[in-house]
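These notes concern the structure reproduced below.
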Number of protein chains: 2
Amino acid sequence: MNKNDHSFLSSEIVENVSLIFKALADPTRIKILYLLSQEECNVNHIAEVLEMSQSAVSHQLSMLRNLRLVKYRREGKTLFYSCDDEHVISLLKQAIDHSEHH
Amino acid sequence: MNKNDHSFLSSEIVENVSLIFKALADPTRIKILYLLSQEECNVNHIAEVLEMSQSAVSHQLSMLRNLRLVKYRREGKTLFYSCDDEHVISLLKQAIDHSEHH
DNA sequence: ATTACATATGAATATATGCTCATATGAAGA
DNA sequence: TCTTCATATGAGCATATATTCATATGTAAT
């Protein structure tokens, strides 16, 4: 195949796809997203269930928020986070299934 | 939800899923895998088409080989690489589609 | 206003990652 | 065997990433 005959991806698309997969590439974020795919959670609950510090969780939520993969609603002092991108959750679940069935 | 009521992912699964997405998280590897999903390529061809050094391509192929995402066959001095994990290619193409349609 | 609680954020640090450069390996032909 | 070509690999470096620690912000109750 000649160099000009390829169907190329624009660098914008490549960067976007890279961002999606980067979000899913970290064990901590995988656990957070999987947890949020099961139920809406507040920050401390996530920290307790996943046995990590409040700060670490909050930093990761901040990143996931920037990528619009999660959203939250406030109830008093508490913020309840949930998933905001079903497609990305679908990618995650497919990878989990794939991994579980070798 | 109580801490014990969650469906947890084993750390082995989490690590595996993380490895898959890490492989897909780098722009260079996205381009290589997308190219290989279109045609079998030798190393120099990949380097030329993607305008990167032979060494950089070879390092990335080495990683993709270890993860069994690509395979190769030899023809004389030349190695022809191709995709070896249709499921991962499927994840990649879904992310591309998603990204293209905003 | 003061305090307590829930969460966010900035700086610092440690580790991971991707590239380059130089060199090694390995196959094929002279 | 010597050379050439295709690819692989190791060391070193620069950047990115995830965490911790300390502190800030913001809400609600007293």
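Just so it is clear: chains get the letters A, B, ... in the order the sequence lines come, proteins before strands, and each one is counted from 1.
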Please give, in whole Å, the distance from [N] [atom2] to [X] [atom1]?
| X | N | atom1 | atom2 | value |
| --- | --- | --- | --- | --- |
| B/L24 | C/dT17 | CG | C1' | 16 Å |
| A/R73 | C/dA6 | CZ | P | 16 Å |
| B/I46 | D/dA6 | CD1 | P | 14 Å |
| A/K71 | C/dT7 | NZ | P | 18 Å |
| B/M63 | D/dT9 | CE | P | 15 Å |
| A/N44 | D/dT27 | CG | P | 17 Å |
| B/E51 | C/dT20 | CD | C1' | 17 Å |
| B/L61 | D/dA8 | CG | P | 7 Å |

side-chain contact (heavy atoms from CB on, under 4.5 Å) evaluation trace for A/I30 with B/S18: CA-CA 7 Å; A/I30 290 171; B/S18 168; 3.8 Å; yes

Between [atom1] of [X] and [atom2] of [Y], what distance do you get to the nearest 0.5 Å?
| X | Y | atom1 | atom2 | result |
| --- | --- | --- | --- | --- |
| B/L36 | B/R29 | CG | CZ | 13.5 Å |
| B/T28 | B/I46 | OG1 | CD1 | 11.5 Å |
| A/I32 | A/D26 | CD1 | CG | 8.0 Å |
| A/Q60 | A/M52 | CD | CE | 6.0 Å |

5' precedence on DNA chain D between A/Q54 and B/V57 (nearest-nucleotide basis): B/V57

Under-4.0 Å side-chain N/O to phosphate OP1/OP2 contact, B/Q60 with C/dT17: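 Checking B/Q60 against C/dT17: no side-chain N or O falls below 4.0 Å of OP1 or OP2.
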
D/dT19 phosphate, OP1 or OP2, under 4.0 Å from A/T28 side-chain N/O: yes

Exceeds 12 heavy-atom contacts within 6.0 angstrom, atom CZ of A/F80: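 More than 12 within 6.0 Å, yes.
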
Options C/dC19, D/dA6, C/dA8, nucleotide nearest the side-chain atoms of A/R65: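 Shortest atom-to-atom distance from the side chain points to C/dA8.
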
Pair B/R65, B/Y81: side-chain N/O donor-acceptor within cut-off below 3.5 Å: yes

A/Q94 and A/S90 side chains, donor-acceptor separation under 3.5 Å: yes

Just call it for [X]: base, sugar-phosphate, or nothing, with non-hydrogen atoms closer than 4.0 Å on any strand.
| X | result |
| --- | --- |
| A/S53 | sugar-phosphate |
| A/Y81 | sugar-phosphate |
| A/F80 | nothing |

Partner residues of B/D85 under the side chain to side chain contact (heavy atoms under 4.5 Å, CB included) criterion, sequence neighbours left out: A/H98, B/L69, B/H87, B/V88

Under 4.0 Å protein heavy-atom contact, by nucleotide of nucleotides 25-30 of chain C - B base, S sugar-phosphate only: --BS--

Which pairs, protein N/O on one side and nucleotides 10-17 of chain D N/O on the other, fall under 3.5 Å?
residue	atom	partner	partner atom	Å
D/dG10	O6	B/H59	NE2	2.7

Stepwise side-chain contact (heavy atoms from CB on, under 4.5 Å) test for A/L92 and B/V17: CA-CA 8 Å; A/L92 174 59; B/V17 168; 4.0 Å; yes

